[in-house]
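Only one structure is covered here, and it is reproduced in the block below.
Just so it is clear: chains get the letters A, B, ... in the order the sequence lines come, proteins before strands, and each one is counted from 1. Since the model is a prediction, treat every value here as computed from it, not as a measurement.
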Amino acid sequence: MKVKLSSLLWMLPAAFLFFFFLVPLGNILLVMATRSGVVSTNAIFQPLWFTIWQAALSMLLTLALGLPAAFVFARYNFAGKGVLRLLTTLPFILPTVVVAAGFTALLGPRGLVNGWLMQAFNLQNPPIAFMNTLGAILIAHVFYNTSVVIRVVGSALVQFDPRIEEAGRVLGGSPWRVFREVTLPLLRPSILVAALMVFLFDFTSFGVILLLGGPRFATLEVSIYSQTLSMLNLRMAGLLSFIQLACTIGITLLYTRLNGKRSVPLMPRLRGETVRTPKSIFEKTAVGLMVTVLVVLLVSPLAALALKSVLQTDAATQTSSLTLAYYRELFINRNDAFFYVPPAKAALNSLFYAAVTVLISVGLGLTASYALVRQRGLKRWLDPLIMLPLGTSAVTLGLGFLITFNKPPLDVSSFPLLIPLAHSLVALPFVVRTIQPALASIPASLGESAASLGASPWRVWRELELPIIRRAVMVGVIFSFTLSLGEFGATSFLARPDTPTLPVAIYRFLSQPGAMNYGQAMAMATLLMLVCALAIGLLDKLQVEGRGSVNSDL
Amino acid sequence: MSQLEIINIHKNYEGKPLLKGINLSVESGETLCLLGRSGSGKSTLLRIVAGLESADRGDLLWNGESICDVPTWQRQFGLMFQDYALFPHMNVSENVAFGLRMAGMKKVEIAPLVNEALELVNMSAFAKRQVTDLSGGEQQRIALARALAPHPRLLMLDEPLAALDRALRLELQDELRGLLHKTGIPAIYVTHDQEEAFVLGDRVAILSDGLVEQSGSPEAVYKFPKNRSVAEFLGMTNLVDGKVVATEPLQVETALGILTSSNCRMSNVKIGDQQLLLVQTTGAERPTTQDGSNRILGIVTECFFRGDDFKVTLNCCELFFEFSLSERCEVGQSITIQVPDSSVVCLET
């Protein structure tokens, strides 16, 4: 019997995940068990405890802002709602270095707010100490994850049948009792899912802690990083990674179980039926306040970032002027420092890595999607395997890569594709989750009828399947490209000093003194932000044309 | 005195007038059927009575007192939604108990009332079932039990049978009728199905173009539809226009010849006036003699068997009329039909 070549498609993604995910993970365990190194319980429990409570606190703050925001989005029409909705998608794609740079530009010692205050009150030192505080970490986490709550809980609210609440009111329930006994219990699964998702994101937060928290705060992720790169204690790093992995897999499993329960059979409603314009003064105030808070939270750091990238402050006169000097400087090669890499070079590196990531992740994503759709039996094990990197932190991936691929030709210094391979691991789950449903929506009869009309398999693919999945593939391309451009966690392990990516360069420039370094960091972060904004715009356009939603599944 | 009075209710929807001054009343123990096409505003009127929406203008009186400012949850009205709106996170008896709990009753008081309500709709065996496992008809009964359990002062039903198939609809229609009379709770029943309205209503009100076109007992509305729009809504299409040639008895010259009506409730009809007539389909027969009034000549364009009778469509001078006849006619055959004077009704134009 002849084996159909297409039935072996699954081997490609499976082999990729085996070599670049399972083997590195196994190596972390191996290193933990076999390497020598000082293991101190203090070095485990301190970061573990801090990781848990900062994640819990961030989650609570995020819910406190996100839940009312989700209600406002789901229930009210207001001016600029579309723009604000688009703004809330920004954090899904914005690299941590950009957000960190944004908050630095807004509230850091050189930041806008401190600058204004110093000028207004003639102060010698910046009055607001924001950098390297717990507050900075919490605010950045709220910035990132409020959107998650708005998305998850908001979509549940939009589907919510308003008649169920009305039935409660007609039966004598006051608005508060109906909310407590009808609305809230029905939303509880969605709220839990959102909370868990936010907790997981905060739990594995790396860039934010490193850039905004400073040396005083170490989560598990940051500890893994410092144990590996500064203390060279791989055993300890492996152990921390293992603990981290156990926690994240536990949370992910819990999430998956809860997410399955989430689909309460609510009757689907016509879109927009529940949405109305705020009427009473109370409603108007609440909606206005909510919108203001969201705009300030989401826009102010990004606006500050853009502004600081073109603002030059004269130290002597304390006056600011507009300048493009930082941008110009990006392209000037000043070879006066050891390991100095001009930012333009870093940007080129990033673009190259991003392009390779798109090729790998979309190529494998297509293969995996076809395999999953054509061979139902694979769903049981290949699908969870593809999703597994989602529950693994980027830092753990980076560590795994670093200790696995340490001999030429497969090592950091001689094999430039390790970074895009790591990025592809992170991007693959999203790509598959985007392409596979589009592919699965094509009924088999479509290809069969085309074949009966004389179309060869190639023509069937080109003229039927490709046009149908093209939009999903485009979404996958844009998403993996942007993800790679901004990835920081794994890259910080794998980027060689002489070939940094843009985020790594931003991190370096931010941690160096001097107005020029600071300004260049701002300029680079601004450019990265603009690319992300462009990507969001494209994704939004693709979503408007199709009906599918990308981000709601993330 | 009427228990509920709906006075001059106006409501705009997306800038367009939907209700243009509705006046209606419900007497104690009475079932009022609101009949209207979809989009006629009948559900909106119900929602206004329930307090889920507010009227732009007008008043609602309960036993003579305005209830416009009473919030929904304090009105003690029951409303049964078209798609039932059962609480998916509660089982059957929890759904039925909800209104009783809201009324501040204790557990021991609630249990027997829940049972009573479930018995009323023959669903006692389902008390512990999840509402999501129920069929459409079962959900419908639970929704009714839930609305009835707190003994509302007024029960409102918004197309409660619309989502069900025909056989089940007919069965539940009879059950509902019995139930509404047994409980004695005044009710407003909204439907677009005239048959349902006639079976269930003590009184029928026809809503069209934002106004109550006609209200009265089912027989009265059926026998004397007020105008063209009511007649057409009730599916009566045998309409013909003509000029009054005599008033005692009323005779109108139409394209079909002179028609005599003994069924005119309009006063001050004068010779020479234009008059719209409805020729009812029932009571028509093929005459055996040559004399008598209301003889209509036409060519059979369609004839089919309906069970009790034949539905015959006649082309009378390019006006198409439908009649129920007891015998089959051949298509293309030219026949004469005679209707009694009482089957010719004057309508307002």
Rounded distance (nearest 0.5 Å) linking atom CD of A:Glu165 with atom CG of B:Leu52: 11.0 Å
Quick one: pull up CD1 in A:Ile164 and CG in B:Leu86 and give me the separation to the nearest 0.5 Å. 8.0 Å
If I measure from the heavy atoms of chain A, does B:Arg47 come under 4.5 Å with its side chain, its backbone, both, or neither? side chain
What part of B:Met90 gets closer than 4.5 Å to chain A, counting heavy atoms only: side chain, backbone, both or neither? side chain
Pick whichever of B:Arg146, B:Met156, B:Gln74 has the most heavy-atom pairs under 4.5 Å with chain A. B:Arg146
Toward chain A: residues of residues 97-105 of chain B with heavy atoms under 4.5 Å: B:Phe98, B:Gly99, B:Arg101, B:Met102
Using side-chain heavy atoms (C-beta onward) and a distance below 4.5 Å, is [X] in contact with [Y]?
X        : Y        : answer
B:Asp83  : A:Asp161 : yes
B:His89  : A:Val182 : yes
A:Val170 : B:Pro152 : no

Applying a strict 4.5 Å limit to non-hydrogen atoms, the region of A:Glu181 in contact with chain B is both
What part of A:Arg169 gets within 4.5 angstrom of chain B, counting heavy atoms only: side chain, backbone, both, or neither? both
Can you pull the salt bridge (Lys or Arg N to Asp or Glu O under 4.0 Å) pairs that have at least one residue in residues 106-131 of chain B, sequence neighbours excluded? none
Taking salt bridge (Lys or Arg N to Asp or Glu O under 4.0 Å) as the cut-off, I'd like each qualifying pair that reaches into residues 55-77 of chain B, sequence neighbours left out, listed once. none
How close do A:Ala167 and B:Ala85 get, counting heavy atoms only, and between which atoms? CB-O, 3.9 Å
Can you list every ring pair (Phe, Tyr, Trp, His ring centres under 6.0 Å) pair that touches residues 28-73 of chain B, not counting sequence neighbours? B:Trp62-B:Phe77
